[in-house]
Amino acid sequence: MQPQILCTYVCVTYTYEEASCKEAKRVSEGKQNWDLIITPKDKLLAIDWREIWRYRDMFELFVQRAFRVAYKQTILGPLWFIITPVLSVIVYVTVFGGIAGIPTDGVPPILFYLLGISIWGYFASCLSSTSNSFVTNADIFGKVYFPRIIMPLVAVTTNMLSLAIQLGIFVCFYIYYAATGTELELHWQVVLFPLLIVLLALMAVGFGMILSSMTTKYRDLQIMLNKIISLWVNVTPVIYPLSMVTNEKLYLAMSLNPVTPVMEAVKYSLLGQGQFSWLWLGYSAAFTLVLLVIGLMLFNKVQKSFMDTV
Amino acid sequence: MANAIEFENVSKQYRLGLVSTGTLRHDINRWWQTSILGKEDPYLKIGETNDRSTKGNSEYVWALKDINFKVEQGDVVGIIGKNGAGKSTLLKLLSRVTGPTTGVIRAHGRIGSLLEVGTGFHGEMTGRENIFMNGAILGMTRQEIQAKLDEIIDFSGCERYIDTPVKRYSSGMTVRLGFAVAAFLDPEILVVDEVLAVGDAEFQKKAIGKMKDVSSGEGRTVLFVSHNMGSIRSLCKRGILLENGSIKADGEVNSICDMYLSDSLVNLGAAWEREFNPNKDFQITKVELLDSKGEGKNLFSCDEEWHVRMTAHVKNRVPGIYGYLQFTKADGVAAWVSDSNDIVMNKLETLPLGESQIDILIPKRSLAPGSYSVYLNFTSSQNISGWNVDSPFDVCVFNMTDDRTFRGDKRPGYMSTLLDWKFV
């Protein structure tokens, strides 16, 4: 046995020497394996997923915080997540359905408005929180580094949870109507629902990143954003069915709105109102991709030194 | 040993002034030159060194210019320099809060940066929740925080309040909690900006002690910015002196600290004078250190009385104006501070218009032997905007010597008042 042990020993020594030799060589050549290299410019289209994964705890805590903080020091607490959408549906049903008399294509108005405003609300809040992510988080961003892109992701996730609550209310009403004998068309495309929501989220993030990168230095766009959102909702079939639009030019303009195909597809699959078209959704997806690419490039360009100008 | 940090030709340019249409024009021009014509950025060629007090011609300044240095693993480096010398910018670049304009920074190991305590604290969340939040923002995982939670709470000394929302905390408690989280951060490279200058004396001592533990054991690399030469000397082995954005000196910490202290006072003598400016509402044009015979000196015996005398010009009475006088000993510690409101409130408000003299008597056997600098500041407790008040700031240097007692000039500390050892 003796020689074998000796052999192992020699081997180990050898490897050790070799390794230290390499280390010395690397140091003498001025090459070191750096963990972090900071340069003036980053790659424009890269997302460091590994780094984002490392910060997953922070991501989770931010999402949790958004919820905990939302209705602190209120008596009804989380009930407000339910009360607010119900209240706005009541307003919509009275104002648009009752007073203005906008048709809902035979769908119970409560379901129609609830679905419309939940989906649009999700898109709008993702858009506005993403586009404000640099300005609202300037405090934290100015003191500590973490992948900046986490903030839009947090916004998208937080909003998704409130969307889930609203959809829960929707499902309750849906079951109620179905049980009381109202005829509701449910199409198989409903399985695509999660994908449609993701598409909407990506669209909002893409557009939001473009806006946020452009608002760090010049705040003009930030002021315009509220206007954009309140105008955008009018050219999206949220509170009225697309079938109501008879003016051809207007119809074309609304069809080019990338949110319209998604909204229509959702309404078609759940309520049987609206239209589902692969081609049209493809247009939406392509639009989203372009927004994301541009958004990411601008975001990466700005994120490094936005603190100097924000 | 291997290097932990390397700065190679790092520069950082800032633009001064407001963001407006002028900046848009520059941005468009920059984009045109670099992206379309493929030329160099035209605004990188201009720019001046960053001297806060002189008026410059360019709106671009170099907060850092061609910084080159290496830090070995396990080194504790103190970065010193006047306000605006570029210390904080340097730390910001290293902690990736902002990017360099040119150059490369390389680092080996996880960087934990502490530019502020309590980053991301949310008033509505409890102390405990905020510990997790703050720790996560600083790059700790949830398990790491959970494992150290008891220690953190204990170190902060806020146990009683830990399940109360942070908005109910006193500001001191918030800081304690923030520092406690940061103190248990475990990075290979720790970047610390003057966060120790917070909290009460007990907590400061605790914080410095913790910093010492962190830097002396475990082979951790620390970069530490402070104006307090005392803590720099006690924590660091090496010092880097920055001046107007470039490295002025780099070496053993004590010599660097001495250089900084003597340097900042090198242009100062026993008297200070400034040209009269007719536009100022309140200004000091002359400060002299005089002995009892009225002769200007800058070496005083502990056993003599002497005077700080200044010439003030009042054009318009500034409401709420007061003066602040500080003697700073060579180690950077404020040895003695006097406020014109100490005895009579708003005394300087009643100063007659025109030229007048203000005299402050320094009693004998007050300051300990050593070198001191005199700092003078005038400002108003009320809103100062609209008034043109001129403050002299660092004006003179002087030395105190003790030629009567046996201990003499070897007496440390800040006082030379003699105490009687009585038998009772």
Max heavy-atom pairs within cutoff under 4.5 Å with chain A, candidates B/A107, B/G123, B/S95, goes to B/A107

When rounded to the nearest 0.5 Å, the distance separating CG of B/N130 from CZ of A/R65 is 8.0 Å

Around atom NZ of B/K167, are there more than 12 heavy atoms from other residues, nucleotides or ligands closer than 6.0 Å? yes

Okay, B/E8 and chain A: the region with an atom under 4.5 Å from a heavy atom over there is neither

Heaviest contributor of heavy-atom pairs below 4.5 Å to chain B, chosen from A/F141, A/F62, A/F146, is A/F62

Within 6.0 angstrom of A/I37 CD1, more than 12 heavy atoms from elsewhere = yes

Is it true that atom CE of A/M160 has more than 12 heavy atoms of other residues, nucleotides or ligands lying nearer than 6.0 Å?
-> yes

On a heavy-atom basis, the closest approach of B/V97 and A/V144 is CG2-N, 3.6 Å

Distance col, row B/L94:CG vs A/I38:CD1, nearest 0.5 angstrom, shows 6.0 Å

Highest number of heavy-atom pairs under 4.5 Å with chain A among B/I111, B/I145, B/L91, B/I137 belongs to B/I137

When every non-hydrogen atom of A/L61 is compared with those of B/A136, the smallest separation belongs to CD1-CB, 3.5 Å

Okay, B/T141 and chain A: the region with an atom under 4.5 Å from a heavy atom over there is both

Under a 4.5 Å heavy-atom criterion, the part of residues 50-60 of chain A in contact with chain B comprises A/E51, A/Y55, A/D57, A/M58, A/E60

Output for pair (A/Y145 OH, B/R96 CZ), nearest 0.5 Å, gives 4.0 Å

Closest non-hydrogen atoms of B/E6 and A/W34, given as atom of the first, atom of the second and distance, are OE2-CZ2, 3.1 Å

CG (A/D35) and CD1 (B/I189) are apart, to the nearest 0.5 Å, by 8.0 Å

